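Both counts, for ligands and for their atoms, begin at 1 and track the order of listing. This structure is a prediction, so every number in the text was calculated from the model and none was measured.
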Amino acid sequence: MNIDKVCIHGEWSSRLGFILAATGSAVGLGNIWKFPYMAGEYGGGAFVIIYLVCVALMGLPVMMAEVLLGKRGRCSPINTMRTLAEEVGASKLWQFLGWAGVIAGFLILSYYSVIAGWTLAYIPEVASGTFSAVTTMPETEVMGFVGSIFNNLTGNPLALIFWHTVFIVVTLIMLLGGVQGGLERAVRFMMPALFLLLLVLVGYAMSTPKFMEGVHFMFNVDFHKFFYPKGDQFSGDGLLAAMGQAFFSLSLGMGAIMVYGAYLPKHASIIQTTAVVVVADTLVAILAGLIIFPIVFSNGLEANAGVGLVFKTLPIAFGQMPFGSLVGALFFLLLALAAWSSAISLLEPAIAWLVETGKFTRFSATISSAVAVWLVGFATVFSFNLLADFKPLFDKTLFEQIDYLTSNIMLPLGGLLIAVFVAWMMKRQIITEELELSTDSFGFQLLQFLLRYVTPLGVTLVFLNAIGVFS
Ligand code: PHE
């Protein structure tokens with residue numbers, strides 16, 4: 001079968017187009033919303049260090065492997081895995097990796113959109129100057145004030161549904177633009193702008209009285225506290241969460257990066273492009289932490305405030321700084337844009353596959369999958385209000401369960417299988433050809449070692465640790 005014929009969805013205009021899109025996919029709520037609150041929840045330094053180690057030893061190699069698969073297969077992850085498994089004579093079952101990815105993308109987007117909706121809701125809230133009130137109230141009341149605004153939003157299902165709907169509709173419009181029209185153009189201006197604004201906010205954080213305390217929290221490593229958060233009872237949760245966060249933040253393990261790799265021009269270098277994406281993504285997460293924790297400590301907030309952390313800290317900064325309403329509105333707008341460029345990559349594997357079945361046009365594929373995700377999103381909407389006490393399994397709300405299942409289990413497992421497929425099933429010759437490396441080069445040897453042993457063993461050990469095998 002000539003796969004090129006079946007699978008053409010378009011191509012990035014250049015290597016830069018791919019870098020922008022992949023960075024757009026990686027940088028999003030994961031960096032600015034999730035990374036800080038997870039780091040806060042798991043005590044700071046140890047979480048950050050383990051996260052960074054996972055990014056370097058698993059994230060970077062798996063990203064290279066995932067792009068390589070896409071670039072060679074040139075289809076949706078499902079068909080890419082099917083044709084590549086055929087090419088190397090492996091079992092047909094490998095296409096389930098593609099299926100699992102499509103499902104993970106669906107589930108992630110269903111809650112991602114609701115959280116991105118919070119970001120949208122904060123644009124008018126901040127722009128209207130609500131938060132400038134923090135300058136005139138006694139310090140002890142600030143925390144309660146920002147908290148109540150956040151709780152009023154999340155406690156209101158209709159408001160959440162409204163913003164979730166807005167987010168999905170715009171995602172849909174961007175997806176309809178296709179590879180070059182919608183995706184590439186959106187990211188080109190947004191990424192540098194977001195980065196600049198983060199630097200401005202780091203400047204603000206440096207002016208707060210407890211900047212160094214925030215830095216210390218992020219980089220002071222205490223493994224004992226990390227593994228024994230409740231006195232002498234061992235817990236592998238933090239380790240699993242840090243690894244899951246590395247895969248989540250880099251958009252790995254579910255086919256988003258694979259399908260973007262499928263749109264890569266044939267001659268583009270995988271190694272350099274992935275390195276740029278990984279560095280940019282990591283930098284944004286670290287900057288977000290450097291902004292948020294100083295604000296936490298300077299205002300007597302709790303680092304383990306959970307999912308609301310960003311929404312309870314940054315508005316204080318916007319309330320206090322000159323032109324804060326403007327800067328704040330711009331910030332939440334850029335964050336929403338960053339979320340959109342991630343959201344489109346979460347749905348792209350499903351859309352590409354639907355189109356390849358021949359039964360859907362890009363239009364009908366996009367509409368159907370967006371409607372499905374929108375409906376599943378209601379589970380998350382209600383997890384913060386009507387169903388806040390509905391915790392059917394492991395004492396977690398529906399939102400927490402979807403998040404746990406996808407980030408902590410599906411993505412690392414997907415990453416493990418991607419690593420195994422590339423390093424154990426594919427011929428060296430194919431890998432080196434796609435990577436433009438020679439078989440005896442140090443780069444290839446190192447990558448092969450990381451993919452063959454470090455990633456599969458690492459993921460397995462963290463899983464076993466989390467279920468308490470080593471305690
Ligand atoms: N990496 C994105 C973020 O950090 C989320 C994402 C996960 C996107 C998985 C695609 C695939 O916000």
Notebook entry, point to check: Tell me, which protein residue and heavy-atom name are nearest atom 9 (C) of ligand 1, and how many Å apart are they?
Noted result: Ser251 CA, 3.5 Å
Check: Starting from atom 12 (O) of ligand 1, which protein heavy atom do you reach first, and at what distance in Å?
Finding: Tyr112 OH, 2.5 Å
Next item on the list: Would you indicate which of Phe248, Trp33, Phe247, Phe35 comes nearest to atom 5 (C) of ligand 1 when only heavy atoms are counted?
Entry: Phe248
Next item on the list: Using a strict 4.0 Å threshold on nitrogen-to-oxygen distance, state whether Glu87 and Arg72 make a salt bridge.
Entry: yes
Check: What class does the angle between the rings of Trp353 and Trp99 fall in, given that below 30° is parallel, 30 to 60° is tilted and above 60° is perpendicular?
Finding: perpendicular
Note to self: Using the ring pair (Phe, Tyr, Trp, His ring centres under 6.0 Å) definition, which of the options Phe318, Phe331, Trp118, Phe131 pairs with Phe311?
What the structure shows: Trp118
Item checked: Rounded distance [0.5 Å steps], OG1 in Thr273 versus CG in Leu20 -> 12.0 Å
[X] and [Y]: side-chain donor and acceptor closer than 3.5 Å?
{"X": "Asn304", "Y": "Glu41", "value": "no"}
{"X": "Asn156", "Y": "Asn385", "value": "no"}
{"X": "Ser383", "Y": "Thr380", "value": "no"}

Which of the numbered atoms in ligand 1 are below 4.0 angstrom from a heavy atom of [X]?
{"X": "Met254", "answer": "11 (C)"}
{"X": "Gly30", "answer": "3 (C), 4 (O), 12 (O)"}
{"X": "Ser25", "answer": "1 (N), 2 (C), 8 (C), 10 (C)"}
{"X": "Ser249", "answer": "1 (N), 4 (O)"}
{"X": "Asn31", "answer": "4 (O)"}
{"X": "Leu346", "answer": "8 (C), 9 (C), 10 (C), 11 (C)"}

Checklist line | Contact check, side chains of Thr397 and Phe390, non-hydrogen atoms, under 4.5 Å | finding: no
Note to self: For the 3.5 Å polar cut-off, considering only N or O atoms, please tell me whether Leu29 and ligand 1 meet it.
What the structure shows: yes
Check: Got an N/O contact under 3.5 Å between Ala26 and ligand 1?
Finding: yes
